[in-house]
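Report on the following structure.
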Amino acid sequence: MSSHPEIHPDQSIELLKHLHILTREGKMNQDSRRKLKQVYHLYQFIEPLLTEALATRPDVQLVDHGAGKSYLGFILYDLFFKTQASAGKIYGVETRDELVATSRRLADKLGFSAGMRFYNLTVAESITSERLPEHIDIVTALHACNTATDDAIRFALEKRARHIVLVPCCQAEVAAVMRKNKQQSLKNSITELWRHPIHTREFGSHATNVLRCLQLESHGYQVSVTELVGWEHSMKNELIIATYKDLPRRRPAERLAELLDTLGLTELKSRFFDGDSAAA
């Protein structure tokens with residue numbers, strides 16, 4: 001039991017030390033309190049999704065894309081999997097081999113290795129990799145840069161994931177295409193929304209997430225968008241949560257196509273493929 005009231009009673013103190021939320025002596029400072037608050041704030045969104053998935057099958061499967069140091073994966077395993085879903089597994093997908101190796105060592109040290117796997121793969125490679133199971137319940141991608149978020153969405157759709165949790169960042173691709181096609185789009189007054197370079201960047205980022213939401217809805221998902229509070233290291237704290245409900249697909253698919261056309265982004269149609277296109 002921790003002497004800190006802020007810490008969850010079942011939390012591994014050793015893990016919090018490795019994540020630098022606690023000092024080696026087990027102490028906290030203002031910065032570590034803020035980090036812990038961020039972690040628990042995010043956990044509040046994901047825990048109900050895990051509980052719902054667990055009600056359907058005991059071996060819950062979660063894939064964390066762009067895992068980095070697997071900060072999220074370790075917290076989820078520590079707070080949920082080790083006590084409530086011991087038959088489940090968390091898979092961390094990360095391109096930097098040194099981070100994959102570090103995560104494996106930490107899982108061994110903490111006794112988490114039975115339920116955690118770490119692979120050196122790009123998100124795109126993971127879609128067809130035999131190292132990941134066919135059935136995935138939850139897909140997470142927190143600050144997976146640029147198109148890695150879209151690849152995570154594609155992965156989730158291919159695996160028919162029940163839940164998808166995204167915190168996007170660095171959305172450069174859409175803004176680049178909008179910038180390239182700006183002159184031919186200027187005949188339409190809506191282009192004023194991204195005529196100036198700073199607006200191109202900001203509006204491009206916003207448009208990317210709107211397109212992602214429509215894409216998910218066009219595949220039958222119910223989508224909610226909210227904000228992660230207190231994540232001071234990123235200006236973009238948008239949290240997108242999608243749950244498969246087999247909802248009607250036609251209207252969001254039509255909206256998606258119209259928006260791509262309006263914004264001069266038809267060349268990106270294959271990236272933001274809709275449910276109707278996938279079924280065709």
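Nothing here was measured: the structure is a model prediction, and the numbers come from that model.
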For T56, what residues pass the side-chain hydrogen bond (donor to acceptor under 3.5 Å, both in side chains) criterion, not counting sequence neighbours?
R162
Taking only residues two or more places apart in sequence, or in another chain, which ones meet [X] in a side-chain contact (heavy atoms from CB on, under 4.5 Å)?
{"X": "H18", "answer": "E14, L106, K109"}
{"X": "A242", "answer": "I164, L216, Y221, V223"}
{"X": "T208", "answer": "Q171, V174, R212, F272"}
{"X": "K27", "answer": "T23, E25"}

Could you measure the distance from the CZ atom of R271 to the CD atom of Q215? Nearest 0.5 Å is fine.
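Those atoms lie 9.0 Å apart.
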With a 3.5 Å distance limit and no angle check, can you tell me whether [X] reaches the backbone of [Y] through a side-chain donor-acceptor pair?
{"X": "E94", "Y": "G68", "result": "yes"}
{"X": "Q84", "Y": "F81", "result": "no"}
{"X": "Y77", "Y": "S113", "result": "no"}

Which residues share a salt bridge (charged side-chain N to carboxylate O under 4.0 Å, His left out) with [X], sequence neighbours left out:
{"X": "D10", "value": "none"}
{"X": "R57", "value": "D59, D137"}
{"X": "K69", "value": "none"}
{"X": "E134", "value": "K159"}

Under 3.5 Å, sequence neighbours excluded: what are the donor-acceptor pairs made by side chains of residues 250-263?
residue, atom, partner, partner atom, Å
T262, OG1, E258, O, 2.9

Students often mix this up, so state it plainly: with edges at 30° and 60°, are the rings of H206 and F203 parallel, tilted or perpendicular?
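Tilted: the ring planes of H206 and F203 meet at 30° to 60°.
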Hydrophobic cluster partners of V123 (side-chain heavy atoms under 4.5 Å)
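Listed partners: none, V123 stands alone.
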Remaining members of the apolar cluster that contains L121, side-chain heavy atoms under 4.5 Å:
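Once heavy-atom contacts under 4.5 Å are chained together, L121 belongs with V63, Y91, V93, Y119, I127, L132, I136, V139, F155.
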Going by an N to O cut-off under 4.0 Å, is there a salt bridge joining R154 and D150?
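Answer for the salt bridge query: no.
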What is the minimum heavy-atom distance between Y43 and L79, and which atoms define it?
OH-O, 3.6 Å
